[in-house]
Each structure stands twice: as C-alpha cells, then as structure tokens.
Participant: 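Can you read through this structure? Questions will come right after.
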Amino acid sequence: MLVRRRQELLDQMQGELASRRSTPLGAGYDDVCDRASENLYDELAQGFAEIATADLKRINRALQRIDEKTYGSCEVCGANIPEARLRALPFAELCVDCKRAEEATGGPEPITYAPPVAFPSTDD
Ligand SMILES: [Zn+2]
C-alpha cells in the first residue's frame with residue numbers, strides 16, 4: 001500500500017511539474033505593456049517559484065515520511081490522518097484537529113497547495 005501511495009505521489013508530482021512547465025510564466029500578460037508589468041511579472045515569477053519550492057519540499061517530506069513509515073500520521077499528535085483527508089491533501093502532515101490548532105495560533109506554513117480537482121463538466 002505504501003509503495004502504491006508513493007507511486008501515486010510520484011505520478012502526482014510529475015503531473016504537477018508537467019502542468020507547471022506547460023504553463024509559461026507571464027502567459028496572458030503580454031498585453032500589459034506598462035512599466036508595472038515588469039514588476040508584476042517578477043512578483044508573479046517569484047511567488048510562483050516560492051509555491052513550487054514549497055510544493056517540492058512537501059513532496060520530498062511526504063516521500064521521506066513514506067520511507068520512514070510515518071506517512072499518514074499526524075506530526076504533532078501521531079494520530080492517523082483520515083484517508084479522505086490524505087486524498088484531498090496528499091501532503092497533509094497534521095490531523096484536522098492539529099491543523100486547526102496550528103491555524104488558530106497562526107502557523108508558519110499556510111496551505112497554498114490546491115490539489116487538482118476534477119470538477120464535473122458543466123459545458124453542455
Ligand atoms: Zn494531530
């Protein structure tokens with residue numbers, strides 16, 4: 001099961017990286033031709049890189065946790081993280097209770113990772 005989970009994570013990671021590569025920075029901003037656009041572009045690129053780096057850290061940590069067989073356990077209280085939560089948030093490191101507690105106390109690492117969600121098609 002862990003091996004399968006790891007493969008899923010790897011697949012997802014590759015999907016993430018592929019989707020990042022296929023979305024060039026600055027796309028859609030070509031028509032913004034004032035001076036501000038350069039700053040905007042820089043800020044976007046920097047923010048993007050930070051999010052990507054945070055994602056990679058999460059992925060690496062999740063893989064490491066799989067190796068250590070601690071994946072799926074809350075880092076704070078050690079409780080099992082419900083599978084539904086892991087499916088929605090594959091890199092979750094805290095159970096819901098601890099996550100809430102962390103958010104309540106202004107934790108250092110707000111969740112910026114939005115897992116890909118298959119929305120039902122609405123275009124008929
Ligand atoms: Zn916990």
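As the structure lists them, so they are numbered: ligands from 1, and atoms in each ligand from 1.
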Participant: Can you measure from CZ (R58) to CZ (R65) and round to the nearest 0.5 angstrom?
Facilitator: 12.0 Å
Participant: If waters are left out, how many protein N/O/S atoms lie within less than 2.8 Å of the Zn ion (ligand 1)?
Facilitator: 4
Participant: Just to verify, what does R100 make a side-chain contact (heavy atoms from CB on, under 4.5 Å) with, not counting sequence neighbours?
Facilitator: V96, D97
Participant: Given 3.5 Å as the limit, does a donor-acceptor pair link the side chain of R85 with the main chain of L94, or not?
Facilitator: yes
Participant: Where is the tightest heavy-atom contact between A62 and F91, given as atom of each residue plus distance?
Facilitator: CB-CD2, 3.9 Å
Participant: For residues S73 and I81, determine if any side-chain heavy atom of one lies less than 4.5 Å from a side-chain heavy atom of the other.
Facilitator: no
Participant: Could you tell me which non-hydrogen atom of C74 sits nearest to which non-hydrogen atom of C95, and how far apart they are?
Facilitator: SG-N, 3.4 Å
